[in-house]
Amino acid sequence: MAATDGRARKRPNSVWLTERPPLKRKADQPAGLDLDKIVTATVRLLDAEGLAKFSMRRLAAELGVTAMSVYWYVDTKDDLLELAVDAVAGEMTLPDESDVGADWRDQLRVLAIGYRDMLLRHPWVARLLSEFINIGPHSTAFSNATLRVMRRTGLDAERTSGALASLFHFVYGFATIRATHEARCRAAGISLDDYFEQVVAAISDRPEFAETMELSIRAAYAHQGQSAVEMLDRDFAFALDLQLAGIEAMRDRPGA
């Protein structure tokens, strides 16, 4: 049946779904400026100053051009942010699909760690992932790689999406919280170790936190000499192992 209103035909907004006419150089366009340089500068600014301070005017100043020169390559600020998200998605290592004997657990671990590291390097990405549909070439390549590895786990198709959601939502949450803590520490001019010490000092004599403190003391005692980052990495590695073990357990669960 043909669509009877505009809503049925409307598609999500995305720079990857928008057809732009081929660029024709104008005499007043700055020499050497192109979309790749604009996206690279965007990522650099977002890393240095964060999403809240980013603007097209600030980007143009960084590039030494006018804001209108930037708009000649992209229609909107959102389009540029979407391009930046896909650019950093290209930093993630994908499994070697030619290695037919590779263990799917190892390959999922590589994908999960790569995703975590990308989110920690670029904290602004976490928010934008919830705003864009992320169908750029690098994002799609990563998504397709995860699907191909997940097929090798032996899970049936009906449970594959749930397994992927469990794994990568865990990574997203872990990395986003850690990146937020690290950003606050940088803003306050203290280290992550100092931050954790301040938290412990603030709650150590509060009875409602006694059980939390007992666990923290026991865990720290077993791993004396580790920094906060090392402890976070240790916890992430164990939590990731739990995710992979859960996938395997559900695959082999009787009657599933």
Side-chain angles (χ1 to χ4, degrees), residues 9-19 36 39 43 46 78-179 233 235-256:
R9 292 188 296 270
K10 188 175 181 180
R11 64 185 184 183
N13 292 325
S14 172
V15 68
W16 305 107
L17 298 176
T18 302
E19 295 182 5
D36 287 342
V39 173
V43 172
L46 289 167
D78 279 353
D79 284 354
L80 184 53
L81 292 175
E82 195 174 0
L83 290 169
V85 169
D86 194 66
V88 298
E91 298 173 3
M92 295 184 287
T93 301
L94 304 183
D96 180 6
E97 296 188 38
S98 65
D99 185 0
V100 295
D103 191 317
W104 61 265
R105 300 164 193 81
D106 294 336
Q107 293 189 326
L108 278 181
R109 189 174 285 106
V110 167
L111 288 164
I113 291 173
Y115 186 46
R116 178 203 62 177
D117 291 347
M118 183 273 290
L119 289 171
L120 291 177
R121 283 194 301 271
H122 311 290
W124 48 272
V125 171
R127 175 182 164 184
L128 296 180
L129 287 176
S130 66
E131 298 184 11
F132 301 132
I133 58 176
N134 303 311
I135 55 173
H138 293 120
S139 299
T140 300
F142 182 81
S143 177
N144 288 339
T146 62
L147 286 171
R148 287 191 288 266
V149 173
M150 191 61 77
R151 289 193 193 104
R152 298 180 54 231
T153 67
L155 275 177
D156 58 60
E158 292 181 353
R159 294 183 293 172
T160 294
S161 61
L164 286 170
S166 175
L167 175 59
F168 287 99
H169 287 183
F170 144 68
V171 177
Y172 174 89
F174 194 104
T176 300
I177 292 173
R178 174 173 162 180
D233 287 344
D235 288 347
F236 177 85
F238 181 67
L240 179 54
D241 284 343
L242 289 178
Q243 289 283 327
L244 300 178
I247 291 173
E248 188 169 12
M250 292 302 296
R251 178 199 65 188
D252 299 332
R253 185 176 180 179

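These numbers come from a predicted model, not from an experiment.
Nearest heavy atoms, A112 versus L240: CB-CD1, 3.8 Å. Minimum interatomic distance between L120 and A175 (heavy atoms only, all atoms of both residues): CD2-O, 3.5 Å. Nearest approach of L119 to A179, heavy atoms of both residues: O-CB, 4.4 Å. The heavy-atom pair separating G114 from M92 by the smallest distance is O-CG, 3.6 Å.
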Intermediate values then yes/no, side-chain contact (heavy atoms from CB on, under 4.5 Å), L111 and M150
CA-CA 11 Å; L111 288 164; M150 191 61 77; over 6 Å; no
Checking T146 against L167 for the side-chain contact (heavy atoms from CB on, under 4.5 Å) test, could you report, in this order, the C-alpha distance in whole Å, the side-chain angles of both residues, the deciding distance, and whether it holds?
CA-CA 10 Å; T146 62; L167 175 59; over 6 Å; no
Check the pair T160 / T153 against side-chain contact (heavy atoms from CB on, under 4.5 Å), numbers first and verdict last.
CA-CA 9 Å; T160 294; T153 67; 5.9 Å; no
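With T140 contributing its side chain and P137 its backbone, the two residues share no donor-acceptor pair below 3.5 Å. Of the possible polar contacts, one joining the E82 side chain to the V15 backbone as a donor-acceptor pair under 3.5 Å is found. No side-chain donor-acceptor contact under 3.5 Å links Y115 to the backbone of Y172.
With rounding to the nearest 0.5 angstrom, the CZ atom of R253 is 12.5 Å from the CG atom of L155. To the nearest 0.5 Å, atoms CZ (F174) and CG (D235) are separated by 5.5 Å. Interatomic distance, NE2 of H169 versus CG of L164, reported as 9.5 Å (0.5 Å rounding). Atom CZ of residue R152 and atom CG of residue L147 lie 14.0 Å apart, to the nearest 0.5 angstrom.
With sequence neighbours left out, D103 forms a side chain to side chain donor-acceptor pair (under 3.5 Å) with R105. Applying the side chain to side chain donor-acceptor pair (under 3.5 Å) rule to W124 yields the partners D47; only residues at least two apart in sequence or on another chain are considered. With sequence neighbours left out, the salt bridge (Lys or Arg N to Asp or Glu O under 4.0 Å) criterion links D241 to R109. The side chain to side chain donor-acceptor pair (under 3.5 Å) check on S166 picks up Q243, with sequence neighbours excluded.
For the pair N13 and F132, the minimum side-chain heavy-atom distance is 4.5 Å or more. I247 has its side chain within reach of L108: a pair of non-hydrogen atoms, C-beta onward, lies under 4.5 Å apart. Using a 4.5 Å cut-off on side-chain heavy atoms (C-beta onward), D233 and R116 make contact. For the pair V110/L94, no side-chain contact is recorded, criterion being any heavy-atom separation below 4.5 Å from C-beta on.
Applying the salt bridge (Lys or Arg N to Asp or Glu O under 4.0 Å) test to every pair with at least one member in residues 128-138, sequence neighbours left out, gives these pairs: R127-E131. Identified under the side chain to side chain donor-acceptor pair (under 3.5 Å) test for residues 86-97, with sequence neighbours left out: D86-H138, D86-S139, E91-R121, E91-H122, D96-S98, E97-R148.
Between F236 and F170, the ring planes lie parallel to each other; the angle is under 30°, not in the 30° to 60° tilted range.
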